[in-house]
Amino acid sequence: MRICTFNVNSIRSRLEIVQNLLRDFDIDILCMQEIKVDNENFPLIDREYQCVIHGQKRLHGVATCSKYPIDKYQKGFDGELNEPRFIYTLINGTHIINIYAPLGDNYGDRFEYKIYFYDKLFEYLKKFDLNKDKILICGDFNISHTELDVWDEEIWQGEVTHLPEEKAILSKFLDIGFIDVIREKYKNEKVFTFYDYRGAAVYKNEGLRLDYILVSKPLYEKFKDVEILTSIRRKRKPTPSDHVPIIADFDI
DNA sequence: ATGGCCCCATTTTGGGGA
């Protein structure tokens, strides 16, 4: 099973890149974030894939597309969350949670909303047994966890994505038993999944790691490899997303 | 070539992203 997470920064602008990605890398399941379109106007990606789309006009939005049958799905958490940022699917016996976390701000209202989003997510996760269930949470977490996840620790000190409360949220996932497969592979190496469009950041390797694939232990036992497709971000035409697609392989 | 933003919309300027 090959799964890809990709913050596309508008699916309509990235359609060709997404279609090439699915074909060139033979993706089974694609979790997209920031589709920036309402459900009605979501484009046809490929007839081979079934999509669960949770979008809105202009901002945010997530979609999960799969070659395998989607046996269950849920758009949004139980209870209130006014922005489309969460899709649960059950595919191939694996619980797949696709998230686009709010960016937040430096301790303003949007920061409170970010904390609230993660509170709701942890509440949702209580329904699973992490010792028995195969669970995968992927997407744009908008958190840079450690100094390895920012290109310059001094610059990012005290900035949103790298605030102490946000680092603690990522640590909490690990504490309850999730495994960060990118960090497992690159144990002591700076690897990034986002490069700002401004300042030629990608050419100077001034990136952040804001995207994650977290898996429960039963799924980690099937884990084979993970790859960050930085070359797609470095191409100039067609215009890439500011985020990088990430592919993980499992022996299922 | 050695790079200096890109998306959407109440669209030709402004807000949001990170």
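Treat the numbers as computed from the prediction; the structure is a model and nothing was measured. Naming convention: chains lettered A, B, ... in sequence-line order (proteins, then strands); numbering from 1 in each chain.
Salt bridge absent: E165(A) and K114(A) never bring a charged side-chain N and a carboxylate O closer than 4.0 Å.
In this model, the phosphate group of dC6(B) is not approached by any side-chain N or O of N9(A) to a distance below 4.0 Å at OP1 or OP2. Considering only side-chain N and O atoms, H243(A) lies under 4.0 angstrom from the phosphate OP1 or OP2 of dA18(B). Taking only side-chain nitrogens and oxygens, S10(A) comes nearer than 4.0 Å to OP1 or OP2 of dC8(B). Residue Y203(A) places none of its side-chain N or O atoms closer than 4.0 Å to OP1 or OP2 of dC5(B). Distances shown here put every side-chain N or O of R58(A) at or beyond 4.0 Å from the OP1 or OP2 atom of dT10(B). OP1 or OP2 of dA9(B) sits under 4.0 Å from a side-chain N or O of R12(A).
Both tests hold for K172(A) against F122(A): distance to the six-membered ring centre under 6.0 Å, angle to the ring axis within 45°.
Here dA18(B) presents its P atom at 14 Å from CG of N106(A), a figure rounded to the nearest Å. Between the OH atom of Y107(A) and the P atom of dA18(B) there is a distance of 18 Å, given to the nearest Å. Distance NZ (K36(A)) to C1' (dC5(B)): 11 Å, rounded to an integer number of Å. Spacing between atom CZ of R233(A) and atom P of dA18(B) amounts to 13 Å, rounded to whole angstrom units. Rounded to whole Å, atom P of dG16(B) lies 17 Å from atom CZ of F194(A). Rounded to an integer number of Å, the gap from R198(A) CZ to dG4(B) C1' is 11 Å. Distance, E206(A) CD to dG3(B) C1': 12 Å, rounded to whole Å. The OH atom of Y197(A) sits 19 Å away from the P atom of dG16(B) (whole-angstrom rounding).
Between the C1' atoms of dC7(B) and dT12(B), the separation comes to 15 Å (whole Å). Spacing between dT10(B) and dC5(B) at atom C1', rounded to whole Å, works out to 24 Å. Only the C1' atoms considered, dT2(B) is 33 Å distant from dT13(B), to the nearest whole Å. A gap of 16 Å separates the P atoms of dG16(B) and dT11(B), to the nearest Å. Taking atom P on both dG17(B) and dG4(B), the two are 25 Å apart, rounded to the nearest angstrom. The same atom, P, is picked in dA18(B) and in dC6(B); the two are 16 Å apart, to the nearest Å.
Between Q33(A) and N98(A), the side chains place a donor N or O and an acceptor N or O closer than 3.5 Å (distance only, hydrogens not considered). Residues N7(A) and E34(A) have side chains that bring a donor and an acceptor to within less than 3.5 angstrom of each other. Side-chain contact of H243(A) with D211(A): a donor-acceptor pair under 3.5 Å is present, judged by distance alone.
Base pairing of dG14(B) is made with dC8(B), judged by Watson-Crick or G-U wobble geometry with both donor-acceptor distances under 3.5 Å. With a 3.5 Å ceiling on both atom-pair distances, dA1(B) lacks any Watson-Crick or G-U wobble partner.
The same ILVMFWY cluster, assembled from side-chain heavy atoms under 4.5 Å apart, contains both L15(A) and L229(A). Grouping the Ile, Leu, Val, Met, Phe, Trp and Tyr side chains by contacts below 4.5 angstrom, directly or via other members, places Y124(A) apart from I213(A).
Counting non-hydrogen atoms under 4.0 angstrom, D38(A) reaches nothing in the nucleic acid. Residue contacts shown for E34(A) are limited to sugar-phosphate atoms, with no base heavy atom under 4.0 Å away. R234(A) comes within 4.0 angstrom of nothing in the nucleic acid, heavy atoms only. At a threshold of 4.0 angstrom between heavy atoms, the contacts of Y195(A) with the nucleic acid are absent. K57(A) comes within 4.0 angstrom of the backbone, heavy atoms only, and of no base. Here H60(A) lies in heavy-atom contact (under 4.0 Å) with sugar-phosphate atoms only. Here D242(A) lies out of heavy-atom contact (under 4.0 Å) with every strand.
Toward the 5' end of DNA chain B, the nearer of the two residues I11(A) and R236(A), judged by each one's closest nucleotide, is R236(A). Toward the 5' end of DNA chain B, the nearer of the two residues L59(A) and Q56(A), judged by each one's closest nucleotide, is Q56(A).
The nucleotide whose nearest atom lies closest to any side-chain atom of K204(A) is, among dC8(B), dG4(B), dA18(B), dG4(B). Residue S13(A) has its side chain nearest to dC8(B) when only dG4(B), dC8(B), dA18(B) are considered. Picking from dG4(B), dC6(B), dA18(B) the nucleotide with the shortest atom distance to the side chain of A200(A) gives dG4(B).
Between C138(A) and C31(A), the gamma sulfurs sit at a distance of 2.5 angstrom or greater.
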